[in-house]
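Report on the following structure.
Each chain gets a letter, A, B and so on, in the order the sequences are listed, and its residues count up from 1. What you see below is based on every heavy atom in this structure, not just the backbone, and it leaves out hydrogens, waters and symmetry mates.
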Amino acid sequence: MAAPTFRAPKGTRDILPPESGRRRAALDAFAEQAELAGFGEIMSPIFEDLGVFKRLGESTDVVTKEMFDFFDKGDPPQHLALRPELTASVCRGFAEHRPTPPWKVWYEGPQFRYEQPQAGRYRQFHQVGVETLGSDDPQADIDVIALGWNFYASLGLRRISLLLNSLGDPSCRPAYLEALRRYLSDNQASLSAQSRVTLERNPLRVLDSKRREDAEIVAAAPLMVDFLTDETRDHFDAVCAGLDQLGIPYELSPRLVRGLDYYTRTTFEFVAEALSTAQNAVGGGGRYDGLVEDLGGPPTPGIGFALGLDRILLACDAEDVFAPPAPVTKVFVVDVTGGSHALVVCNALRAAGIGADRTYDGRSMKAQMKVADRSGALFAAIIGEDEVASGEVTLRDLRSDTGQHRVTLDDLVSSVGRLLR
RNA sequence: GCAGCCAUAGCUCAGUUGGUUAGAGCGCCUGGUUGUGGACCAGGAGGUCCUUAGUUCAAAUCUAAGUGGCUGUACCA
């Protein structure tokens, strides 16, 4: 390939039509579902004070090595970072504005992590998500999970699995962590070198290891579910019962640990069976009952999820669903008299809400008809010397052989409007 | 982070043991009809063979480094 002077930075890409239209449609579908469920959109800044994201957990890769951070020009300079996820921003917003709970918001937008890119993983990636702040009712958990589930279904995806777990809360997790740490330490000799390091920082995440050497030890490790207090167990059981009630299938996944430290109690992940194992997580979320307080707000429980749009669209490809939307151009104006009539006609059609397009540069009729066909337009509106002389336009059906007929310029918009119904 | 594979036209890819002017299909443009798209036919445009350095009389082809993409792994969405 001829090397262009500049290219999109590593791990980023341009999304061009028609793929961009498909993403827009997916975003619109998500927005509609979220609004139907009573969520309003939050538009937060793309960068925040680095401290906002440090609360995600000092031991997570996201915080320790994957942040795009920089200093601004202030005196003293402020240490800022591009957002690596949005839950922290939402909680910061809640702590800042103190809206009346329960506060239900949805979001969409690009997020940034400095990682090694590969298929389905980008340095700038796009997520949609929701957060419900201010309620620890298990029915809030169920509503959130159901919204995610329904969104995948609305795109046409069928092969999505829901993995469910409870990570406990401060009343029971310390005891479990202690038991887990003791167990893993006792069996340290059998663990991989990498896991021995992870064990020091965060024993929970050793459970996430997929290294073969660790498999045996991990499989026999104590499980959080066996340490839940009555209260957290009741919460978890209520979530399961609610999902049963809604007919949403799930798989209990007692070793499901998520990459961010703030999660408590309910945690879940959506997996696309149509994608290869390394990038098949298409969404995930859970409760983070301590995060708002960590960010300086009042003690506030919260639950939410984030879904990775890039991977969702890959899953749509794999399942061959959710095609790009039909072209908006309905009428292609072919003007062989120089183009100024096309200018007027297109403007009138567009004003009436009818998609209209044309070519430039005074091309031949043959060339213009070719472009008209390719545009996906349903009709060609042809303007030549004859039409100009009689104040008419020739309307030609491009998608069937019903031929063509003339209408007066004044009638064009209403004729087309009738034909499109 | 670690490891492997790959990089030739807008796209998908051929290119022999290193040897004239680097090819195909699709796409694009023009014409075949001085007013008509899709099918067909003819012609045309389009290339720093990723970059740099090296080996050689000679490099798309061999070597090294860099860059980018992909795959696995780690981790994550």
Distance, rounded to the nearest Å, where A:Glu131 contributes CD and B:A77 contributes P: 12 Å
By the 4.0 Å heavy-atom rule, please label A:Val282 as base, sugar-phosphate, or nothing. sugar-phosphate
I'd like the P distance from B:U17 over to B:U73, given in whole Å. 35 Å
Given B:G37, B:U36, B:C29, the nucleotide with the shortest approach to the side chain of A:Gln404: B:U36
Side chain of A:Arg7: nearest nucleotide among B:C29, B:G68, B:G38? B:G68
With no hydrogens and no angle check, do the side chains of A:Glu131 and A:Trp106 hold a donor and an acceptor under 3.5 Å apart? no
Only one of A:Asp169, A:Asp136, A:Asp141 forms a side chain to side chain donor-acceptor pair (under 3.5 Å) with A:His235, so which one is it? A:Asp141
Respond yes when some side-chain nitrogen or oxygen of A:Arg399 is under 4.0 Å from OP1 or OP2 of B:G38, and no when none is. no
Length of the line joining A:Asp361:CG and B:C28:C1', which is rounded to integer Å: 15 Å
With both distances under 3.5 Å as the test, what is the Watson-Crick or G-U wobble partner of B:G47? none
What nucleic acid atoms does A:Ala380 come within less than 4.0 Å of, heavy atoms only: base, sugar-phosphate, or nothing? nothing
Taking the six-membered ring for Trp, are A:Phe68 and A:Phe112 parallel (under 30°), tilted (30 to 60°) or perpendicular (over 60°)? perpendicular
Using atom C1' in both nucleotides, what's the gap between B:A22 and B:C49 to the nearest angstrom? 8 Å
Under a 3.5 Å distance rule, please check whether A:Asp411 uses its side chain to pair with a backbone N or O of A:Val407 as donor and acceptor. no
Look at all strands and tell whether A:Lys366 reaches a base, only sugar-phosphate, or nothing, counting heavy atoms closer than 4.0 Å. base
Any idea which of B:U36, B:A77, B:U71 is nearest the A:Gln127 side chain? B:A77
Does A:Thr394 put a side-chain nitrogen or oxygen below 4.0 Å from OP1 or OP2 of B:G35? no
For B:G23 versus B:G46, give the span between their C1' atoms, rounded off to a whole number of Å. 14 Å
Ring-plane angle category for A:Phe305 and A:Phe30, please: parallel below 30°, perpendicular beyond 60°, tilted otherwise. perpendicular
Remember a base hit wins even if backbone is also touched, and classify A:Glu115 as base, sugar-phosphate or nothing at under 4.0 Å, heavy atoms. base
Out of B:A77, B:C70, B:G37, which nucleotide sits closest to the side chain of A:Arg258? B:A77
Considering only side-chain heavy atoms of A:Lys370, which listed nucleotide, B:C28, B:G37, B:A77, is closest? B:G37
B:G37 C1' sits how many Å from A:Met365 CE, rounded? 10 Å
Mind checking the C1' distance from B:A3 to B:U56? Whole angstroms is fine. 33 Å
So, A:Ser253 and A:Asn165: side-chain donor and acceptor under 3.5 Å apart, yes or no? no
Please measure how far the C1' atom in B:G10 lies from the corresponding atom in B:C2, and state the result in whole Å. 36 Å
For the P atoms, the ones on B:C62 and on B:G25, what distance do you get once it is rounded to whole angstrom? 27 Å
Does a side-chain N or O from A:Arg363 land closer than 4.0 Å to OP1 or OP2 of B:C29, or not? yes
Starting at NZ of A:Lys10 and ending at C1' of B:G69, how long is that distance when rounded to a whole Å? 10 Å
Backbone N/O of A:Leu164 and side chain of A:Glu251: donor-acceptor pair under 3.5 Å: no
Who is the Watson-Crick or G-U wobble partner of B:C11, with both distances under 3.5 Å? B:G25
Pairing partner of B:A77 (Watson-Crick or G-U wobble, both distances under 3.5 Å): none
A:Gly284 or A:Pro9: which one's nearest nucleotide on RNA chain B is closer to the 5' end? A:Pro9
Applying a 3.5 Å limit to both distances, which nucleotide forms a Watson-Crick or G-U wobble pair with B:A39? none
Quick check for you: among B:A77, B:U36, B:C29, whose closest atom lies nearest to any side-chain atom of A:Phe125? B:A77
Which base sits across from B:C62 as a Watson-Crick or G-U pair, both distances under 3.5 Å? B:G54
Starting from P on B:G35, measure out to CD1 on A:Ile383 and report it in whole angstrom. 16 Å
When we call it a touch if two heavy atoms are under 4.0 Å apart, what does A:Phe305 touch: a base, just sugar-phosphate, or nothing? nothing
Indicate, yes or no, whether a donor-acceptor pair under 3.5 Å links the base of B:G38 to the side chain of A:Arg374. no
Give me the distance, rounded to whole Å, that separates B:A9 from B:A45 when you measure between the C1' atoms they each carry. 11 Å
With nearest nucleotide decided by heavy atoms, which residue, A:Met369 or A:Ser364, maps closer to the 5′ end of RNA chain B? A:Ser364
For a quick check under 3.5 Å, do A:Thr394 and A:Glu387 share a side-chain donor-acceptor pair by atom type? yes
Which part of the nucleic acid, if any, lies within reach of A:Gly148 when heavy atoms closer than 4.0 Å are counted: base, sugar-phosphate only, or nothing? nothing
Whole-Å distance, A:Phe332 CZ to B:U36 C1', equals 14 Å
Identify the nucleotide, in any strand shown, that forms a Watson-Crick or G-U wobble pair with B:A3, with both distances under 3.5 Å; if there is none, say none. B:U71
Protein-nucleotide distance (A:Gln111, atom CD; B:A77, atom C1'), rounded to Å: 9 Å
With a non-hydrogen cut-off below 4.0 angstrom, is A:Ala372 in contact with a base, only sugar-phosphate, or nothing? nothing
Nearest of B:U30, B:G38, B:A77 to any side-chain atom of A:Asp310? B:A77
Decide yes or no, distance alone: a donor-acceptor N/O pair under 3.5 angstrom between the base of B:G37 and the side-chain of A:Asp373. yes
Does A:Glu216 CD have over 12 foreign heavy atoms under 6.0 Å away? no
Rounded to whole angstrom units, what separation is found between the CD atom of A:Gln118 and the C1' atom of B:G4? 12 Å
If we take the P atom in both B:U52 and B:G15, what is their distance in whole Å? 25 Å
